[in-house]
2 protein chains.
Amino acid sequence: MRSTAEARRVTVLNTAVSVFARAGFHATPVTAVAASAGISEAYVFRLFSGKLGLFVAAAGACFDRIAAAIEAGAERAGGDSPAEILEAMGDAYAKLIADRDLLLFQVQAQAVTDIPEVAEAVRAGYRRIATFVQDRAGASDAQVQQFFAYGQLCHLIVTAGLDQIPEPWARALTTGIRHP
Amino acid sequence: MRSTAEARRVTVLNTAVSVFARAGFHATPVTAVAASAGISEAYVFRLFSGKLGLFVAAAGACFDRIAAAIEAGAERAGGDSPAEILEAMGDAYAKLIADRDLLLFQVQAQAVTDIPEVAEAVRAGYRRIATFVQDRAGASDAQVQQFFAYGQLCHLIVTAGLDQIPEPWARALTTGIRHP
DNA sequence: GACGTGTGTGAGTGCACACTCACAAACAAA
DNA sequence: TTTGTTTGTGAGTGTGCACTCACACACGTC
């Protein structure tokens with residue numbers, strides 16, 4: 001036995017997040033995930049229940065990593081005020097998505113929410129993050145809303161590559177946003 | 001002659017926005033657009049240069065409609081202050097995307113920005129809207145940034161169906177957002 | 001060694017879909 | 001009426017991909 005199935009699943013999920021992040025659910029063949037994980041396509045289908053099952057599981061892994069990063073970031077906050085804790089969470093998130101995979105996967109997942117299983121996975125992910133942010137930071141509804149609004153703005157900045165554009169309108173949208 | 005090619009192109013583009021909005025670029029066969037427009041698949045390929053050409057043209061039509069709505073909304077502003085004009089623009093945008101097609105198409109377009117032609121179309125669309133908002137409203141960079149951040153938040157709310165969830169975290173993200 | 005159990009794959013199968021092309025029908029100009 | 005141009009389509013073609021299955025190899029156990 002080279003490896004246990006459970007360990008394989010973990011490594012496959014992490015590569016799946018990266019691979020799906022580039023071109024999305026429908027444009028990514030399972031072969032691509034299998035090749036990137038170094039195993040055969042057939043075995044991926046044995047480990048997960050179809051391509052959809054793989055994608056949904058990858059979404060779970062994606063939000064797990066985001067939640068863990070934000071929780072760890074909160075521990076490093078400079079103070080106890082909601083604003084300070086939110087700031088620390090935002091910094092942690094910005095650091096995490098520097099490699100773009102987790103951010104792009106979220107965009108891809110949101111784009112296939114017409115598939116009910118994906119929609120539920122996305123809701124579950126944001127439920128976990130939003131409740132944690134609100135409880136841990138003790139932030140107001142408006143503060144939480146703002147936190148997520150500017151998080152979503154990052155999605156636009158990265159997908160459209162606005163941080164590469166020197167024109168004033170693009171600068172307006174990107175200034176102050178932590179380094180994505 | 002039933003119709004001129006130019007007129008056909010316009011009607012096809014509007015239906016294309018609606019059809020692509022549901023399942024996205026890769027999951028939408030050209031047959032679906034053709035059927036919805038009431039013409040044959042073959043003729044769609046004659047009117048546009050491939051599926052990608054159709055999608056990019058639809059993106060142009062999508063941003064045209066958004067820009068027109070925001071420009072019209074600005075005319076109905078209650079006053080001359082940047083905040084009032086932005087408010088009027090936001091209301092106009094909220095009304096426009098009540099049918100969800102234009103919003104969902106933007107999400108789908110952002111998801112396929114790995115295709116350079118799509119990325120350029122998205123940039124062109126936001127360039128047009130952002131420069132207009134900034135110039136017309138005379139708003140600061142921060143105000144423009146906030147305008148777009150909460151616009152992007154709408155994308156999450158609609159794709160994940162957060163407005164249908166009675167839980168407190170979902171209420172926090174949706175309160176005050178104009179009705180999508 | 002024989003045998004079960006879990007890990008892993010090569011070689012298919014069937015279907016959906018992007019794109020083409022030969023051809024038809026409506027209209028205009030002579 | 002003939003000729004040309006534009007609008008429009010049915011019937012293909014080739015390919016890529018989700019999914020399957022019979023089979024092989026590694027390991028433990030007796």
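Within every chain, numbering begins at 1; the chains are lettered A, B, ... in the order of the sequence lines, protein sequences first and strands thereafter.
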Taking all atoms of both residues into account, what is the closest heavy-atom pair of Ile85(A) and Gly79(A), and its distance? CG1-O, 3.8 Å
For nucleotides 17-23 of chain C, list the nitrogen or oxygen atoms of the protein found under 3.5 Å from its nitrogen or oxygen atoms, one pair per line.
{"residue": "dA18(C)", "atom": "OP1", "partner": "Lys51(B)", "partner atom": "NZ", "Å": "2.7"}
{"residue": "dA18(C)", "atom": "OP2", "partner": "Val30(B)", "partner atom": "N", "Å": "3.0"}
{"residue": "dC19(C)", "atom": "OP2", "partner": "Lys51(B)", "partner atom": "N", "Å": "3.0"}
{"residue": "dC19(C)", "atom": "N4", "partner": "Glu41(B)", "partner atom": "OE1", "Å": "3.2"}
{"residue": "dC19(C)", "atom": "N4", "partner": "Glu41(B)", "partner atom": "OE2", "Å": "3.4"}

Side-chain (Arg9(A)) to main-chain (Leu47(A)) donor-acceptor, under 3.5 angstrom: yes
Applying salt bridge (charged side-chain N to carboxylate O under 4.0 Å, His left out), run through Lys51(A) and Glu41(A) and close with a yes or a no. CA-CA 11 Å; Lys51(A) 187 183 182 180; Glu41(A) 184 192 12; over 6 Å; no
Contact residues, residues 109-120 of chain A to DNA chain D [heavy atom, < 4.0 Å]: none
Under the salt bridge (charged side-chain N to carboxylate O under 4.0 Å, His left out) test, residues paired with Asp91(B) that sit two or more places apart: Arg178(B)
Is there a side-chain contact between Phe55(B) and Phe48(B) in this structure, where contact means two heavy atoms from C-beta onward sitting under 4.5 Å apart? no
Give the rounded distance in Å between these two atoms: CD of Glu6(A) and C1' of dG8(C). 17 Å
Is the backbone of Thr175(A) close enough, under 3.5 Å, to the side chain of Gln145(B) for a donor and an acceptor to pair up by distance? yes
Once you round it to whole Å, what is the distance between P of dG8(C) and OH of Tyr43(A)? 4 Å
Would you indicate whether the side-chain heavy atoms of Ile129(B) and Trp169(A) approach each other to under 4.5 Å? no
Hey, does Leu54(B) have a side-chain heavy atom less than 4.5 Å from the side chain of Val12(B)? yes
Here the distance between atom C1' of dA25(C) and atom CD1 of Ile39(B), to the nearest Å, is 16 Å
